[in-house]
Amino acid sequence: MSAQLVGISLSPARGEAYYIPVGHVGWEQVEQLPIQQVIDRLKSPLADANLAKLAHNGKFDMMVLAECGITVNNLTFDTMVAAHLLGEKSLGLKSLAFSKLNIEMTPISELIGSGAKQISMSQVEVSKVADYACADADITGQLAELLSAELHQQGLWQLFSEVEMPLVPVLLLMERNGIALDTELLRKMSHQLGEQLIKLESEIFSYAGHQFNINSPQQLGSVLFDELKLPPGRKGKSKYSTEASVLEELRGVHPIIELILEYRQLTKLKSTYIDALPSLINPKTGRVHTSFNQTRTATGRLSSSEPNLQNIPIRGELGRQIRRAFIAPHGSCLLAGDYSQIDLRALAHLSQDPGLLSAFQQDEDIHAATAAQLSGVDTSKVTPDMRRLAKTVNFGVIYGMSEYGLEQATELSREEAAQFIAAYFEKYPKVKQYLESTKEQARETGYVQTMLGRRRFIPEINSSNRQVREAAERMAINMPVQGTSADIIKVAMINLCREMAKRQLKSKMLLQVHDELVFEIPEGELETMRQLVPEVMSTALKLSVPLKVDTKMGNNWGEME
DNA sequence: GCAGTCACG
DNA sequence: ACGTACGTGACTGCG
């Protein structure tokens, strides 16, 4: 949102392209058209919904153009999105041109340099940029032809044209909407945390007998395991691990451990969120604008970056407090709709296991139902501990958990963990069958897929290295489940956006956090949106089990009910 | 630029 | 005997 437009390249046909310079600076540049004249002339064809557009990473171009007052309608083909769907790992235009078309394009560094000497594209002379930018536009067109054929061949066209491409303008809108922050609250928290950290630090130093950098795992390891002679968790060959799970085991052995765990937690939250977020507020809008990345994950999920708004803390009092800094402006409030157990519902649908299906069809508490099944008691007799254990197992299953994994995650012994897993598969036999057939499909075809046919290629599935192979099997098990959930929420986002536009609602979709959508709602639309959001989310796709959606609302993201 | 760590679903 | 749950992104230290 803060990029400056330097020029626009367009290619109307193969081998033909034009460059319109508008933002080049410097003494020897050629004369450029006034930017407003260019905008006025391009505005209508770019907005014309009857004219198809193709681009590489079109969301970026659309963002820059939108900041100039230009709306782009009917982006029908994005070569970056297409390449990602086809399982390409290297998604840059230059690299795709080479791997798919055998064309070696000029690297951008040839124009702007690299490292400290790097200059802005605006400082490069027009004639050089014209050649470079025209090649970009032309090659994008050629790539689109090729990738389009591949998408059709692989059976991915429908997913591409009906889900991934329509999602692009939705994500653009969300990014441009941004979210408001209570900077005053964050400032107070930063101050208070700073004082608390100074105290913690001096206590840690007094136990250590000297000052050191607590943030350096190397220095911390040597203080704990060399100087204080605490037993190192048998991790490293040469180095010590100081990660939280190792330190947890040492709680009670030495008072310094607790202080370090607390210090770690507080510094993490302070540096990553409390201090960083206010600096990312866009001065023009007064809000933070994340990027939602559509081509970063192996499962079909989105990711969020700069800042990542999909990992804002929620656990613990301090985490809650940070969420309270995400606010709705006066006269509006935040509404969140979240899918209840979407991954397990996806598993029920994919496996068609009768036990799982019926539990969801009866709208049972799935973890309690699993606990009841495993112990043979009635659901009403399930204790919180039993439910917690069943929850761990339920999640473990969709991650391809081992006995060892369950042992680590619980209080169970290895034998008990093994018994538990065996009992689980006895109660849910089609889950076991499904997991086996998924691995089998991966071995036979080299890929696994989601409900909508999204694929993940897993070449390591036939590796002779057991560790590599087993890691591949876990990916194979998890992707269809996680990816089906991603399919569902993407369709919901598109449908909601359409419905909101159709009804000319002023409410804004702000965030997606994998199973949750967050909206900013003006007071007058509360009733409408509170009904519309769960309705559209729960009917996004038809599964063998109902999709349950809970909604919450509040003035900030931390206190919603 | 990598490794270690840790925040989220 | 070994090493172990899936998927992300940001910050810090360090070479």
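Numbers restart at 1 for each chain; the letters A, B, ... are given by sequence-line order, proteins then strands. Excluded from the calculations below are hydrogen atoms, water molecules and symmetry mates; all remaining heavy atoms, backbone and side chain alike, are included.
Annotation: C:dC2 and B:dA7 have their P atoms spaced 30 Å apart (nearest Å). Rounded to whole Å, the separation between the P atoms of B:dC6 and C:dA1 comes to 31 Å. On the C1' atoms, C:dA5 is 25 Å away from B:dC2, given to the nearest whole Å.
Checking A:Ser544 against A:Gln352 by side-chain atom types alone, a donor-acceptor pair falls below 3.5 Å. Judged by distance alone, the side chains of A:His367 and A:Asn394 do bring a donor and an acceptor atom under 3.5 Å apart. Side-chain contact annotation: A:Arg454 with A:Gln449, donor-acceptor N/O pair under 3.5 Å absent. Defined by atom type and a distance below 3.5 Å, a donor-acceptor pair is present between the side-chain atoms of A:Thr242 and A:Arg264. At a cut-off of 3.5 Å, with distance as the only test, a side-chain donor of A:Thr290 or A:Ser304 sits close to an acceptor on the other residue. Residues A:Asn311 and A:Tyr273 have side chains that bring a donor and an acceptor to within less than 3.5 angstrom of each other.
A ring-centre distance under 6.0 Å is found for A:Tyr207 and A:His254.
Following rounding to the nearest Å, A:Arg264 (CZ) and C:dA10 (C1') show an atom-to-atom distance of 15 Å. If you take CG of A:Leu412 and P of C:dT4, they are 20 Å apart, rounded to a whole angstrom. Between the OH atom of A:Tyr399 and the P atom of C:dG3 there is a distance of 24 Å, rounded to whole Å.
Within the 4.0 angstrom heavy-atom criterion, only backbone atoms of the sugar-phosphate kind lie near A:Ala298; the bases stay farther away. If you check every strand for non-hydrogen atoms under 4.0 Å, A:Leu269 touches sugar and phosphate atoms only. At a threshold of 4.0 angstrom between heavy atoms, the contacts of A:Gln219 are confined to the sugar-phosphate backbone, with no base atom among them. Among the atoms of the strands shown, only primed sugar atoms or phosphate atoms (P, OP1, OP2) are found under 4.0 Å from some heavy atom of A:Gln265. The residue A:Asn311 sits close to a base: some heavy atom pair falls under 4.0 Å. Residue A:Arg474 is classed as a sugar-phosphate contact, given heavy-atom separations below 4.0 Å to backbone atoms only. Within 4.0 Å (heavy atoms only), A:Ser304 reaches sugar-phosphate atoms of the nucleic acid but no base atom. Counting any heavy atom pair closer than 4.0 Å across all strands shown, A:Met475 reaches sugar-phosphate atoms only and no base atom. Nucleic acid contact for A:Asp343: none, since no nucleic acid atom lies under 4.0 Å from a heavy atom of the residue.
Once you apply a 4.0 Å limit to the heavy atoms of chain A, the touched nucleotides of DNA chain B run 5' to 3' over B:dG4 to B:dG9.
Not one side-chain nitrogen or oxygen of A:Ser305 sits closer than 4.0 Å to the OP1 or OP2 atom of C:dG9.
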Inset, instruction - Dot-bracket for DNA chain C, please, read 5' to 3', with Watson-Crick or G-U wobble pairs under 3.5 Å on both distances, ( ) within the strand, [ ] crossing, | other strand, . unpaired. - result: .....|||||||||.
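By the 4.0 Å N-to-carboxylate-O rule, A:Glu470 lies close enough to A:Arg466 to be salt-bridged with it. In this structure, A:Glu473 pairs ionically with A:Arg443, as a charged nitrogen and a carboxylate oxygen lie closer than 4.0 Å.
Where A:His514 and A:Ser402 each meet DNA chain C at their nearest nucleotide, the meeting point lying more 5' is that of A:Ser402.
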Legend entry - Candidate pair A:Phe420 and A:Tyr424, rule ring-ring contact (aromatic ring centres under 6.0 Å, His included), full reasoning: CA-CA 6 Å; A:Phe420 231 83; A:Tyr424 181 94; 9.0 Å; no
